[in-house]
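One structure below.
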Amino acid sequence: MSGAKSNPCPIKGCTAHAKPNQLMCWPHWRRVPKPLNRAVFETYADARGRELGGEARIDAIRRYQEARDSAIAAVEAKEAEERS
Ligand SMILES: [Zn+2]
């Protein structure tokens, strides 16, 4: 076992794995619209940072989860459009 754990790509139907500290597999991550890509990075830094505590930290984590969900939804919407 290595210390780095990979996690399954969250995009529906994708069997690839995301690299450690990455939200989804590289081909899917490349499809995330720029503003959402940036939002994920920024909120992730806040959620993981040690500067924030208590309520602010909880809020940062919530914003990260929202950004992440939006990014996933955006990629899934693109894929659904292509399949139709
Ligand atoms: Zn994927």
Side-chain angles (χ1 to χ4, degrees):
M1 287 287 271
S2 73
K5 53 175 195 261
S6 63
N7 45 308
C9 177
I11 302 301
K12 216 176 289 171
C14 183
T15 55
H17 278 65
K19 290 209 170 80
N21 300 320
Q22 287 187 350
L23 178 54
M24 50 183 86
C25 71
W26 181 241
H28 276 133
W29 179 243
R30 300 259 306 161
R31 312 203 66 192
V32 174
K34 270 270 150 57
L36 285 176
N37 180 314
R38 191 195 304 262
V40 169
F41 266 116
E42 285 172 357
T43 57
Y44 183 77
D46 280 349
R48 282 297 160 105
R50 307 229 157 128
E51 305 86 71
L52 299 175
E55 285 289 307
R57 181 73 179 279
I58 291 165
D59 191 55
I61 291 168
R62 193 168 339 184
R63 281 186 288 111
Y64 166 66
Q65 287 170 341
E66 278 171 15
R68 183 194 60 186
D69 289 350
S70 301
I72 292 168
V75 174
E76 285 185 344
K78 276 190 187 179
E79 306 244 305
E81 211 169 278
E82 284 164 6
R83 273 195 300 269
S84 63

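We count ligands from 1, going down the list as the structure has it; atoms in each ligand are counted the same way. Numbering of residues begins at 1 and proceeds along the displayed sequence.
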Side-chain heavy-atom pair L23, V40 within 4.5 angstrom cut-off: yes
Side-chain touch W29/V75, heavy atoms, less than 4.5 angstrom: no
E82 atom CD: more than 12 heavy-atom contacts under 6.0 Å: yes
Carboxylate-amine/guanidinium contact E79 R31, below 4.0 Å: yes
Reported CD1-to-NE2 distance for the pair I11 and H28, which is rounded to 0.5 angstrom: 5.5 Å
Indicate every side-chain donor-acceptor pair of residues 46-64 with a distance under 3.5 Å to a residue at least two apart or in another chain.
from, atom 1, to, atom 2, distance (Å)
R48, NH1, Y44, OH, 3.3
R57, NE, A47, O, 2.7
R57, NH2, A47, O, 3.2
D59, OD2, R63, NE, 3.4

Closer than 2.8 Å to the Zn ion (ligand 1) - protein N, O or S atoms, ordered by chain and residue number: C9 SG, C14 SG, C25 SG, H28 ND1
